[in-house]
Each structure stands twice: as C-alpha cells, then as structure tokens.
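Computed over heavy atoms, backbone and side chain alike; hydrogens, waters and symmetry mates excluded. Given the structure is predicted, the values throughout are model-derived calculations rather than measurements.
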2 protein chains.
Amino acid sequence: MSGPRERTRAAILEASAVVLGRNHDATLPAVAEAAGVGRTTLHRYFPDRESLLSATTADSLAAVEQAVTDAAIEDGSPVDAMRRLVAAMVSVGDRLIYLFGDPRVLGVDDDDCPDEDAQPEPSADQRVIQMIKRGQAEGAFDDQLTPDWIQQTLWALVYTGCEAVRNGELTRHAVVPMVTRTLEGGIRPA
Amino acid sequence: MSGPRERTRAAILEASAVVLGRNHDATLPAVAEAAGVGRTTLHRYFPDRESLLSATTADSLAAVEQAVTDAAIEDGSPVDAMRRLVAAMVSVGDRLIYLFGDPRVLGVDDDDCPDEDAQPEPSADQRVIQMIKRGQAEGAFDDQLTPDWIQQTLWALVYTGCEAVRNGELTRHAVVPMVTRTLEGGIRPA
DNA sequence: CCAGAATGGAACTCCAACGTTCCAATTCTG
DNA sequence: CAGAATTGGAACGTTGGAGTTCCATTCTGG
C-alpha cells in the first residue's frame, strides 16, 4: 500500500505520460522499459492497456488541475492571471502533451468512446473560461473573440511551446515569455 | 491508365488523409470503407500500410505545396500575404491535419517513433519563412519573435481552427477571420 | 457488343502485441 | 533474521489486423 507500491505506480504513470504522449501507440513493453520496470510488473499494476490509459489520463488530469489551481487565476488582473496560467501549464507540459493526444479527452474523436464526455479538465476548464470572460469584461481581452476560441488559442500556443522545448528548438525558460508575448500581442510589432 | 485508375487512387488518398488524420491508427478496412472501396482493391493500389502512408503523405504535401504557391506569398504586403496564406492553408485543412499527425514529416529517423510536430513542407516551408522574414524587415511583423516561432504559431492557429471546424465549433467561413485576427493582434482588445 | 480491365467478397496464412501463469530472486518489514 | 511482499524473466495461449490468393461480377472502352 504505502512503500514501494506507490513509488512504482507513480513511476509507471510518469513514464506512461511521456512515452504515450510522444507516440500514442507505443507498445506496452516500451512503457515498462521507460518506467524501469518489468513487463510483468506493469501488468500487475494495470491489468490491460485500457486500465493503464485510464489511469494515466486521470493522473495527468489531476496534475493539470492542480497546476491551474496553483496559478490562482481568480486573483489579480486578468493579464497577470493569464501569464501565471501559461507558466503553470508549461510546467506540466508532458502531461499536457499526453492529454492532447488522448482521443478520450474532449471526446469528439475516435470511432467508439460511447459515453465518454469528459472535458480536458471538468473544473479547471470552467475556471479558465471564467477567467477569460472576466478579462473580456474588464477590457483586458478582445471581446470580439469567443472565450472558447481564446482558450483554444491558449492551449495551442502552450502546446506548441512545449513541443518546441521537447525538440530542443526552445529552452525551457524561453518558452513562457515567447508564448505570453505571442498570446498577448500576436505577431504584430509591439 | 487514366480512367478509373486515377479516380480510384485519388478517392483512396482523399479518404486516407481524412480517416488517418482523425486517427492515425485507423484500421486499413476503415480506410477502404471510407473510400467506398473494397479491402482487396485498397491492397491492389497500395500493397501494404507503409506504401499507403507514404503515398498519402506525398499527396498531402503536394496539395499543401500547391496551396502555398497559389497564395503567392512573395507578392504584396506581408500582412496581405499572410492573410492569403491562412486562407490557403485552411482550404487544405484535412491534408494539414493529416500531416501534423504524421510522425515521418521532418524526422526521417529509422523505425523508432520520430519527433511529433514537424514542418509540413520542405520547399513551401522555406518560402513561408522567407515571407515572415520579409515581414519583419518591413516592420510588419514582430522581430522580437524568431521566424521559426512565428511559423509554428501560424500552423498551430490554423490547425486549431481546422479542428474547430471539424468538431462543429466553428463554421468554415468563420475560421479564417478568427485565425487572422488572433494571429495579428493576439487576444488583446483592438 | 465483346474483350479486357477493374472490382469486391470469401477464405485463408502470418505475425506482433496482448494478456496470463509460474517460479526463482530480490527486497521490504516486523 | 525470518516471513511476507515485490519483482522480473520465461514460456505460454489468444487475438486482431495485415497481407495474399482465387473467383465471380461489374464496368470501361474500342
């Protein structure tokens, strides 16, 4: 329960997010190897691929949720809140990348997924939208754009930044200013 | 040679881009069905999955390449050129979405999963970068951002817009103004 | 209208990943 | 230290999609 169990489980979920985030069809043995664990052990914790995916998704959602909470986007000016939010999302970049590739999140995708209507973050999602609306009301954000589109723009830029880091095109500390500047001012000169 | 062969081939490649763009692991029978073609026929045109993927990638690259050429981004003001480019890319949205999910674009690393996000085109790629640099030189685009980042931003927004259309969140004619406005001015009020 | 091309369905084989079981070795824990 | 828990390796059986072959049917073009 406490000792090695939890540590092993966490290691598997961490590796799973990274490996499956990079390639959603990665083989189960590949995940096991990345986690530094035997294939048998992997199956012992997560009997089948499906249960590993569910757990990884849940775990990643929780991590993102926590990051958004830590950003305290209800407080301060909308612009500052947005900046903190960007930084928070970048800090959980690996989990974000995994979630973006997961068909069951925002489930309009794939063939099946019958009753899976889970948003990326049921609660965090709403809070972000709320913050965006507040920003529009206070005149800090463009109210010609829908809150939904602004949110998607935010995610797209953060995602792009995280991948750039992963590919070595950007350093980790450079990505937040870059995303923030682009998000706030677009590509026009300042 | 020309008659039915070409039409069938084109139908398969079209369906392939759509189906595999939505889910890169879609089954071969699924592609055949989407193309309105028997599984046998699919194999007759593309002996194995690999050759179908190559052909689809090549075909999509050509379509995107053509769209960029049609946009004539070397002419006129950089801002107008960028707007035409956005419209052109949206018009080949299905192909773009497929290419973004194709691991082999950019990274030709051996069998193991190459890098995810990548440049859709080799040559068009260069022309876009060139146009961005021209825009920066003329003071139309922010020269604090790297051309590479601006290009990735462009793609990310176009991709997001195309997916929004596919999910029914945006109408096809609404996406170009939305992407263009966001790209040019970010989320700040105008 | 007819010969040849094109197609699709059925019935196979093949294979890689999945999932399971068993057991010996190692590591916790009281 | 002894017993329990945890682990990993090996060797299975199972499964679903890939790829192939054969043949009857439909379509195309001269």
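Defining each end axis of the helix from C:dC1-D:dG30 to C:dG30-D:dC1 as the rotation carrying four pairs' C1' atoms onto the next four, with five pairs an end, the two axes are found to diverge by 40° to 10 degrees.
Screening residues 157-183 of chain B for ring pair (Phe, Tyr, Trp, His ring centres under 6.0 Å) gives B:F100-B:Y159 as the qualifying pairs, with residues at least two apart or on separate chains.
Distances shorter than 4.0 Å separate none of the side-chain N or O atoms of B:T27 from OP1 or OP2 on D:dG16.
Atom-to-atom, CD1 of A:I12 to C1' of D:dG8 comes out at 12 Å; the value is rounded to the nearest Å. Rounded to an integer number of Å, the gap from B:D25 CG to C:dA17 P is 13 Å. Atom P of nucleotide C:dT20 and atom CG of A:L28 are separated by 11 Å, given to the nearest angstrom. Across the protein-nucleic acid pair, A:R7 atom CZ and D:dA5 atom C1' stand 13 Å apart, rounded to whole Å. Following rounding to the nearest Å, B:R9 (CZ) and C:dT7 (P) show an atom-to-atom distance of 13 Å. As rounded to whole Å, 10 Å separates atom P of C:dC18 from atom CG of A:L20. Atom CZ in B:R5 sits roughly 6 Å away from atom P in C:dT7 (whole-Å rounding). Rounded to a whole Å, the CG atom of A:N23 is 14 Å from the C1' atom of C:dA17.
Qualifying salt bridge (charged side-chain N to carboxylate O under 4.0 Å, His left out) partners for B:E33, counting only residues two or more places apart in sequence or in other chains: none. Partners of B:R84 according to the salt bridge (charged side-chain N to carboxylate O under 4.0 Å, His left out) rule, which considers only residues two or more places apart in sequence or in another chain, do not exist here.
With hydrogens and angles left out, the side-chain atoms of A:D70 and A:Q66 include a donor and acceptor closer than 3.5 Å. Checking A:Q130 against A:E74 by side-chain atom types alone, no donor-acceptor pair falls below 3.5 Å. Judged by distance alone, the side chains of B:E169 and A:Q152 do bring a donor and an acceptor atom under 3.5 Å apart. For A:E50 and A:S54, the side-chain atoms include at least one donor-acceptor pair closer than 3.5 Å.
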What donor-acceptor contacts under 3.5 angstrom involve side-chain atoms of residues 88-98 of chain B, with partners at least two apart or in another chain?
residue	atom	partner	partner atom	Å
B:S91	OG	B:A88	O	2.5
B:R95	NH1	B:D59	OD2	2.3
B:R95	NH2	B:E14	OE1	3.0
B:Y98	OH	B:L53	O	3.4
B:Y98	OH	B:T57	OG1	3.1

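Across residues 34-47 of chain B, B:R39, B:T40, B:H43, B:P47 each have a non-hydrogen atom less than 4.0 Å from an atom of DNA chain D (numbered order).
Geometrically, A:R5 engages A:Y45 in a cation-pi contact defined by less than 6.0 Å to the ring centre and at most 45° from the axis.
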